[in-house]
Amino acid sequence: MADENTIETPEVAVEAGAEGGEAQGRRGRGRGNREGGEGRGRGRGGRDDRRGKREEEDDGIIEKLVHINRVSKTVKGGKRFGFAALVVVGDGQGRVGFGHGKAREVPEAITKATASARKKMIRVPLKEGRTLHHDGNGRFGAGKVTVRSAPAGTGIIAGGPMRAVFESLGVADVVTKSVGTSNPYNMIRATFDALSEQTSPKSVAQRRGKKVADLLGRGGASAAEAEAEAAAIVE
């Protein structure tokens, strides 16, 4: 170790400065990598914050988790386990959709399923904003479902997966029956098959070039009753 009174020559000072610069450069690169990693972490956190903000802005959408299933994929080293989620979303005012997603973790699978469901929402006409306009049948694979309109006060008479669909849709009174498979995926698809065939008197009248009162008056109702009922129909 050099004595405190020893005077360094310019050559020694240059060599010491070079060694110090290299050490500082190595420390700077290490610090830069660490800071870069932290920066990337902050970036991911920013995206998560934006995603959470978007979900808060769309808080009018009802999200219901229908089913979680553990799945596996066989790879060279063995099996890789993950999770599959089935989610139903709706606005409670006649729009509903479903989606499924797979991921290594449950929250990520639910996020993927919710994003897929939001992209595939359909519009279903509702009578008085509480029930269906008419009865319908749906089928997918081995699943068969029947949906029927019901008077006020009936409630939602439906099983688990189908109940989630009607609650998200905004239906308050409906009677359903499922025959065949109990697979939630097939039940949901069969239910959407039945809902996709729902029509309203307004859309039928426009397609036929008639008035809504003309269609409603064919059932034996008087002209005044038909006009009043037609005026009460929203969709």
Side-chain angles (χ1 to χ4, degrees), residues 61-69 84-101 113-114 116-208 210 212 214-221 225-226 229-230 232-235:
I61 299 296
I62 303 171
E63 301 177 358
K64 291 187 176 294
L65 178 63
V66 177
H67 187 67
I68 285 284
N69 186 31
L86 177 62
V87 175
V88 174
V89 301
D91 62 354
Q93 299 178 357
R95 295 179 66 232
V96 67
F98 77 98
H100 59 89
T114 303
S116 176
R118 287 173 180 266
K119 294 178 182 179
K120 298 185 295 184
M121 296 180 70
I122 63 173
R123 169 72 65 178
V124 180
L126 300 180
K127 181 180 180 181
E128 301 174 359
R130 61 171 185 82
T131 187
L132 303 176
H133 280 285
H134 57 84
D135 301 348
N137 297 318
R139 180 169 183 173
F140 186 88
K144 301 177 184 177
V145 300
T146 301
V147 296
R148 302 185 64 183
S149 59
T154 303
I156 301 177
I157 302 178
M162 297 177 67
R163 173 177 289 273
V165 173
F166 290 110
E167 288 179 351
S168 302
L169 181 61
V171 172
D173 304 297
V174 68
V175 178
T176 67
K177 180 65 177 177
S178 174
V179 179
T181 182
S182 60
N183 185 341
Y185 288 87
N186 288 350
M187 289 180 65
I188 291 290
R189 289 188 174 97
T191 304
F192 272 79
D193 182 49
L195 293 177
S196 63
E197 297 179 356
Q198 287 288 316
T199 58
S200 65
K202 185 176 180 180
S203 63
V204 175
Q206 291 178 350
R207 187 167 62 249
R208 296 182 181 180
K210 296 181 178 293
V212 178
D214 297 339
L215 301 179
L216 299 178
R218 297 182 62 182
E225 293 176 351
E229 191 173 353
I233 293 178
V234 178
E235 290 189 1

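Keep in mind the model is a prediction, meaning the values are calculated, not measured.
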Q: Give every residue pair that meets the salt bridge (Lys or Arg N to Asp or Glu O under 4.0 Å) criterion with at least one member in residues 169-182, sequence neighbours excluded.
A: Arg130-Asp173
Q. Of the non-hydrogen atoms in Gly143 and Ala190, which two are nearest, and what is the gap between them?
A. O-CB, 3.9 Å
Q.
Which residues pass the side chain to side chain contact (heavy atoms under 4.5 Å, CB included) test with Ala194, not counting sequence neighbours?
A. Val145, Val147
Q: With sequence neighbours left out, write down each residue that passes side chain to side chain donor-acceptor pair (under 3.5 Å) with Asn137, or none if nothing qualifies.
A: Thr146
Q. With sequence neighbours excluded, what pairs up with Leu65 under the side chain to side chain contact (heavy atoms under 4.5 Å, CB included) test?
A. Ile68, Ala85, Val87, Ile110
Q | His134 (side chain) donor-acceptor with Thr199 (main chain) under 3.5 angstrom | A | yes
Q | Candidate pair Ser149 and Val174, rule side-chain contact (heavy atoms from CB on, under 4.5 Å), full reasoning | A | CA-CA 5 Å; Ser149 59; Val174 68; over 6 Å; no
Q.
Which residues pass the ring-ring contact (aromatic ring centres under 6.0 Å, His included) test with Phe192, not counting sequence neighbours?
A. Phe98
Q.
Within the 4.5 Å heavy-atom criterion, are Leu195 and Leu169 side-chain neighbours or not?
A. yes
Q | Atom of Asp135, atom of Arg148 and distance for their closest heavy-atom approach | A | OD1-CA, 3.2 Å
**Q.** Val96 versus Val165, closest heavy-atom pair with distance
**A.** CG2-O, 3.9 Å
Q. Partners of Arg189 by side chain to side chain donor-acceptor pair (under 3.5 Å), sequence neighbours excluded?
A. none
**Q.** Heavy-atom closest contact (Val66 atom, Ala164 atom, distance)
**A.** CG2-CB, 4.0 Å
Q. With Asp193, which residues qualify under salt bridge (Lys or Arg N to Asp or Glu O under 4.0 Å), at least two apart?
A. none
Q) Phe166: what forms a ring-ring contact (aromatic ring centres under 6.0 Å, His included) with it, not counting sequence neighbours? A) none
Q: List in chain and number order the residues that pass side chain to side chain donor-acceptor pair (under 3.5 Å) with Lys64, two or more places apart in sequence or in another chain; answer none if no residue qualifies.
A: Glu167
Q: Identify, with sequence neighbours excluded, every residue that meets side chain to side chain contact (heavy atoms under 4.5 Å, CB included) alongside Arg95.
A: Asp91, Met121, Arg123
**Q.** Non-neighbouring partners of Ala84 that pass side chain to side chain contact (heavy atoms under 4.5 Å, CB included), sequence neighbours left out
**A.** Val71, Lys102, Tyr185
Q: Output the distance between atom CZ (Phe140) and atom CD1 (Ile188), rounded to the nearest 0.5 Å.
A: 12.0 Å
Q. Under 3.5 Å, side chain of Thr131 to main-chain N/O of Ala150, donor-acceptor pair present?
A. yes
Q) Between Gly99 and Ala117, what is the shortest heavy-atom contact and its length? A) N-CB, 3.5 Å
Taking distance alone, no hydrogens or angles, what donor-acceptor pairs closer than 3.5 Å link side-chain atoms of residues 153-163 to residues at least two apart or in another chain?
residue : atom : partner : partner atom : Å
Thr154  : OG1  : Pro151  : O            : 2.7
Arg163  : NH2  : Ile156  : O            : 2.6

Q.
What's the separation between atom OG in Ser200 and atom NZ in Lys127, rounded to the nearest 0.5 Å?
A. 12.0 Å
